[in-house]
Amino acid sequence: MAFRLAPTAASEGFRLEAHDTVGSTNALALAHARAGDLGKLWVVSKKQESGRGRRGRTWATPEGNLAATLLIVSGGELRLAATLGFVAGLALADALDAVVPQGRIAIGVDGASQGKNRFELKWPNDVLASGAKLAGILLESALLEGDRFAVAVGIGVNVVAYPEDLPYPATSLRALGANCDAETLFLALSDAWNENARLWDDGRGLAAIRRRWLARAAGLGGEVAVRVDGNVVRGTFETIDEDCRFVIRDDAGTVVTIAAGDVHFGAVASARV
């Protein structure tokens with residue numbers, strides 16, 4: 001099966017550029033923007049040679065996994081565009097719900113079913129299944145002429161394989177027993193993006209996105225440790241605020257708001273991170 005857009009995405013003017021392999025879908029999307037592309041372009045591949053994660057980390061996309069980037073070109077506020085990562089997380093979770101049959105996998109940061117969501121969202125940009133990382137999201141931006149900017153919303157999903165040499169648990173759809181390929185998942189993702197982007201409404205609907213995200217939040221109300229610029233803040237994950245920043249009540253009872261950091265749950269939070 002070839003990659004294709006959902007009819008709802010095509011009707012909204014989205015376009016698709018599919019590859020067998022690429023260096024980085026984010027880099028390719030931003031190159032298109034610098035060359036004059038107006039956005040609403042999905043760049044997808046089942047293999048990525050030089051994918052990137054947060055903070056310059058490598059994101060491996062072997063053959064059969066999904067690397068997808070949505071290019072958005074805007075003249076709005078870059079601050080609001082940064083919240084598109086939460087839109088992407090919700091869209092991907094909705095897409096996974098649509099293509100993975102009910103009852104196939106458990107959820108929860110401890111690997112046990114803890115509610116109605118089989119796929120949870122870990123702040124700021126991961127999708128978890130059974131407490132293990134299934135997908136990552138990376139936003140990259142570039143300034144363009146005419147006071148415009150481009151945002152590459154990169155989404156990488158472990159469909160058939162996952163890296164095993166990581167300091168945290170990871171998994172794939174195949175390892176979880178889900179029979180789904182990258183093309184089927186992308187079709188559902190391109191559909192789910194439209195609904196969540198309409199809700200976001202250029203940032204005007206961020207409060208609604210925040211509520212939906214919190215309903216899927218991994219570790220909410222539990223013990224966390226957040227590494228921020230070499231320091232570790234420990235406490236309880238209370239919420240995300242109106243700007244989608246991480247809010248933790250530390251061990252001294254002080255509320256701490258964090259704009260960027262690495263979050264660790266449960267037993268890991270109690271250990272040295």
Side-chain angles (χ1 to χ4, degrees), residues 6 8-9 12-14 26 29-30 33 38-42 54 68-98 115-117 119-128 135-144 147-156 188-221 224 226 228 236-249 255-263:
T8 52
E12 292 286 339
F14 287 89
N26 268 22
L30 290 175
L38 298 179
K40 300 187 80 170
L41 172 69
W42 282 102
R54 292 179 64 237
T69 295
L70 176 59
L71 174 63
I72 297 173
V73 176
S74 174
E77 294 185 56
L78 187 56
R79 175 186 65 84
L80 288 174
T83 63
L84 282 167
F86 296 87
V87 179
L90 286 167
L92 179 55
D94 289 345
L96 287 163
D97 279 345
K116 65 180 180 179
N117 296 321
F119 301 98
E120 295 182 309
L121 301 176
K122 180 187 175 188
W123 187 90
N125 61 358
D126 291 344
V127 177
L128 306 183
I137 296 162
L138 177 66
L139 268 61
E140 295 184 287
S141 62
L143 295 177
L144 306 174
D147 295 324
R148 298 176 305 136
F149 60 85
V151 178
V153 182
I155 302 170
L189 174 62
S190 67
D191 180 50
W193 175 271
N194 289 355
E195 179 180 349
N196 286 282
R198 280 195 295 270
L199 185 63
W200 181 71
D201 191 22
D202 291 331
R204 290 181 289 269
L206 183 57
I209 290 294
R210 174 181 173 272
R211 287 192 297 271
R212 281 208 72 210
W213 192 95
L214 282 168
R216 282 192 179 266
L220 188 64
V224 295
V226 187
V228 184
T236 302
F237 173 22
E238 291 211 332
T239 189
I240 59 173
D241 71 7
E242 292 78 5
D243 294 316
C244 295
R245 295 174 299 184
F246 196 80
V247 179
I248 181 174
R249 186 173 296 276
V255 174
V256 181
T257 301
I258 297 168
D262 292 324
V263 176

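Quick caveat: nothing in here was measured; it's all calculated off a predicted structure.
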Straight-line distance of [X] [atom1] to [Y] [atom2], nearest 0.5 Å:
| X | Y | atom1 | atom2 | value |
| --- | --- | --- | --- | --- |
| L206 | R211 | CG | CZ | 10.0 Å |
| F119 | D97 | CZ | CG | 6.0 Å |
| C244 | L84 | SG | CG | 10.5 Å |
| F149 | L30 | CZ | CG | 12.0 Å |
| D191 | E12 | CG | CD | 10.5 Å |
| L189 | L96 | CG | CG | 8.5 Å |

- How would you list, by chain and number, every residue that makes a side-chain contact (heavy atoms from CB on, under 4.5 Å) with A82, sequence neighbours excluded?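 side-chain contact (heavy atoms from CB on, under 4.5 Å) list for A82, sorted by chain: empty.
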
- Could you list the residues that satisfy side-chain contact (heavy atoms from CB on, under 4.5 Å) with R210, not counting sequence neighbours?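 Testing R210 for side-chain contact (heavy atoms from CB on, under 4.5 Å), a comparison that skips the adjacent residues, returns L214, T239, I240.
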
- Determine whether L121 and L90 make a side-chain contact, defined as any pair of heavy atoms from C-beta on separated by less than 4.5 Å.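 Yes. Closest side-chain heavy atoms under 4.5 Å.
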
- Task: Taking the side chain as every heavy atom from C-beta outward, state whether D94 and W193 have any pair of such atoms under 4.5 Å apart.
- Result: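 Not in contact.
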
If I compare all heavy atoms of [X] with all of [Y], which pair ends up nearest, and what's the gap?
| X | Y | result |
| --- | --- | --- |
| G261 | P124 | O-CD, 4.2 Å |
| A9 | S190 | CB-O, 3.6 Å |
| T236 | G221 | CG2-O, 3.5 Å |
| A91 | N196 | CA-ND2, 3.5 Å |
| T69 | G154 | OG1-CA, 3.7 Å |
| I72 | V153 | CD1-CG2, 4.2 Å |

- When the ring planes of W123 and F246 are compared, do they come out parallel, tilted or perpendicular, using 30° and 60° as the limits?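 Because their plane-to-plane angle lies in the 30° to 60° range, the rings of W123 and F246 count as tilted.
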
- Message: Tell me which pairs pass salt bridge (Lys or Arg N to Asp or Glu O under 4.0 Å) where either residue lies in residues 68-82, with sequence neighbours left out.
- Response: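 Those involving residues 68-82 are E77-R79, R79-D243.
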
- Item | Non-neighbouring partners of W200 that pass side-chain hydrogen bond (donor to acceptor under 3.5 Å, both in side chains), sequence neighbours left out |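 Only T83 meet the side-chain hydrogen bond (donor to acceptor under 3.5 Å, both in side chains) criterion with W200.
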
- Can you name the salt bridge (charged side-chain N to carboxylate O under 4.0 Å, His left out) partners of R249, sequence neighbours left out?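 Residues passing salt bridge (charged side-chain N to carboxylate O under 4.0 Å, His left out) with R249: E238.
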
- Under the salt bridge (charged side-chain N to carboxylate O under 4.0 Å, His left out) test, residues paired with E195 that sit two or more places apart: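 Result, salt bridge (charged side-chain N to carboxylate O under 4.0 Å, His left out) vs E195: none returned.
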
- Query: Side chain of K122, backbone of V263: donor and acceptor closer than 3.5 Å?
  - Reply: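 Yes; at least one donor-acceptor contact below 3.5 Å.
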
